[in-house]
Amino acid sequence: MDTLVSIKIFRLVAELGSFSSAARRMSISTAMASKHVIDLESKLGTLLLNRTSRRLSLTEPGAIYLDHSRRMLDELNEVEAVVRNATTSPTGVLKISVPVWMANAEFVQLLSGYQSAFPEVRLDIDMSGRQVNLVEEGFDLALRVTSRGLLPSTLIARPIGKVTFWLVGSPAYLRRAGYPARLADLARHAILAYTHHPSGNGISAQGSNGTESVKFAPTLQSNNETLLHQSALNDMGLAFLPDCLIEPDLLASRLERVLTDYRFFSPVVYGVYPNRRYLPSKVKTFLEFVSQGSKSA
């Protein structure tokens with residue numbers, strides 16, 4: 001049997017969880033799809049799939065083989081496109097992981113613009129707030145606010161823009177607790193902190209007298225920026241939140257910026273993707289579109 005065809009069928013079976021679904025996708029019989037996978041297992045000398053009457057699951061060698069074969073097939077598709085000098089619009093599902101706080105109108109406008117420009121691409125956006133494994137979980141791309149040095153060497157990180165974080169609180173909270181005049185005042189305020197912030201329970205900022213630092217015990221700590229945002233709106237304390245998320249609240253006076261004389265962090269947003277020689281066109285076009293949108297915002 002054609003080994004390349006067998007690999008393609010194995011990938012479909014693993015991703016769809018069904019021989020019959022993979023067979024329909026390949027326009028072959030279920031029996032033939034099964035024969036291809038069995039032949040592949042015979043050539044490799046190992047079982048790739050656990051088969052029961054209810055479900056299929058990958059064996060440990062099967063998971064490794066799927067990972068490598070998926071990358072190989074993706075690269076082969078890109079090579080074929082290059083050889084053919086393909087100029088058609090990108091197609092398929094673009095699976096992306098993004099931070100929770102990107103669930104805002106500005107980012108949705110970018111998504112809408114991209115989808116209008118490339119209607120054949122279907123977007124699958126994960127906002128679980130966790131650090132996904134791009135390769136193992138089949139993600140094409142992640143947008144991460146981080147330091148390049150903290151990313152695995154197996155990933156490529158492309159800077160696509162910056163995001164500015166402001167310290168904000170509701171008018172009711174600030175009337176009750178008072179307006180901080182200097183960074184050290186935060187030690188007596190209720191702070192709503194992001195769990196994974198690299199500085200831990202403290203912050204450093206550039207003021208008129210140089211760099212200042214302060215430690216605090218957060219009143220509320222969470223890895224979900226939406227919860228921190230809503231907590232600030234409900235008078236629970238001060239939070240560091242991205243400008244694109246809180247701009248409507250600032251305009252409507254639901255939140256106020258404090259310590260505006262200090263320069264807090266403006267981290268880089270990276271487009272992160274697996275290290276591939278040929279970048280899929282759906283990923284390339286999305287990165288370019290979002291990067292241009294960030295520059296014009």
Side-chain angles (χ1 to χ4, degrees), residues 1-97 111 114-115 117-126 128 132-142 154-156 273-287:
M1 288 187 172
D2 187 321
T3 300
L4 182 58
V5 174
S6 297
I7 293 173
K8 290 179 179 179
I9 292 172
F10 164 68
R11 175 181 176 175
L12 281 173
V13 171
E15 292 178 342
L16 300 176
S18 165
F19 278 101
S20 59
S21 297
R24 284 194 296 272
R25 185 77 64 87
M26 295 292 291
S27 299
I28 60 175
S29 68
T30 301
M32 181 56 69
S34 180
K35 285 181 181 179
H36 270 282
V37 175
I38 291 172
D39 183 69
L40 191 59
E41 290 175 325
S42 177
K43 289 175 180 175
L44 294 170
T46 188
L47 193 67
L48 299 175
L49 293 168
N50 293 312
R51 303 159 175 85
T52 68
S53 59
R54 292 188 175 184
R55 64 189 295 268
L56 297 172
S57 62
L58 288 165
T59 63
E60 185 175 350
I64 296 172
Y65 194 74
L66 175 63
D67 175 27
H68 288 276
S69 62
R70 180 187 281 135
R71 282 183 284 173
M72 180 270 291
L73 290 173
D74 287 345
E75 290 187 1
L76 179 60
N77 289 336
E78 289 298 316
V79 171
E80 290 175 347
V82 171
V83 171
R84 291 194 306 266
N85 293 319
T87 57
T88 56
S89 296
T91 62
V93 176
L94 179 60
K95 190 175 182 181
I96 314 171
S97 170
L111 295 180
Y114 178 81
Q115 212 282 321
F118 303 100
E120 297 301 315
V121 177
R122 304 189 305 279
L123 298 172
D124 182 354
I125 311 257
D126 177 272
S128 62
V132 302
N133 186 305
L134 297 182
V135 175
E136 291 183 3
E137 299 182 55
F139 281 88
D140 298 295
L141 175 70
T154 54
L155 300 177
I156 302 297
Y273 51 91
N275 189 353
R276 293 173 179 164
R277 185 177 179 185
Y278 297 100
L279 186 64
S281 56
K282 59 186 178 181
V283 176
K284 183 178 179 180
T285 53
F286 186 83
L287 283 171

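Hydrogens, waters and symmetry mates play no part in the numbers below; they use all other heavy atoms, side chains included.
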Could you pull out the closest heavy-atom pair between [X] and [Y], with the gap in Å?
X      : Y      : value
Ile96  : Leu123 : CD1-CD2, 4.4 Å
Phe139 : Asn133 : CD1-O, 4.3 Å
Asp39  : Ser6   : OD2-OG, 4.4 Å
Pro274 : Leu134 : CD-CD1, 4.2 Å
Asn50  : Thr59  : OD1-CG2, 3.4 Å
Ala14  : Leu66  : CB-CD2, 3.9 Å

If you define the side chain from C-beta out and look only at heavy atoms, does anything of [X] sit under 4.5 Å from [Y]?
X      : Y      : answer
Leu111 : Phe286 : yes
Leu58  : Leu48  : no
Met72  : Ile7   : yes
Arg25  : Lys8   : no
Leu40  : Ile9   : no

Say you draw a straight line from [atom1] of [X] to [atom2] of [Y]; how long is it, rounded to the nearest 0.5 Å?
X      : Y      : atom1 : atom2 : result
Phe19  : Arg24  : CZ    : CZ    : 13.5 Å
Gln115 : Glu120 : CD    : CD    : 9.0 Å
Tyr273 : Leu141 : OH    : CG    : 9.0 Å
Leu12  : His36  : CG    : NE2   : 11.5 Å

Do NZ/NE/NH1/NH2 and the carboxylate oxygens of [X] and [Y] come within less than 4.0 Å?
X     : Y     : result
Glu41 : Arg51 : yes
Arg11 : Asp74 : yes
Asp67 : Arg71 : yes

* To do: Test Leu4 against Leu73 for side chain to side chain contact (heavy atoms under 4.5 Å, CB included), laying out the working first.
  => CA-CA 9 Å; Leu4 182 58; Leu73 290 173; 3.7 Å; yes
* **Tyr114 side chain to Thr285 side chain, donor-acceptor N/O pair below 3.5 angstrom** =>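 Result is yes, a qualifying pair exists.
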* Asked: Would one find more than 12 heavy atoms of other residues, nucleotides or ligands at under 6.0 Å from atom CD of Glu60?
  ->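 Result for CD/Glu60: open.
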* Would you confirm whether Lys282, through its side chain, and Phe118, through its main-chain N or O, come within 3.5 Å as a donor-acceptor pair? =>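 Absent.
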* To do: Tell me, with the steps shown, if Met26 and Met32 meet side chain to side chain contact (heavy atoms under 4.5 Å, CB included).
  => CA-CA 10 Å; Met26 295 292 291; Met32 181 56 69; over 6 Å; no
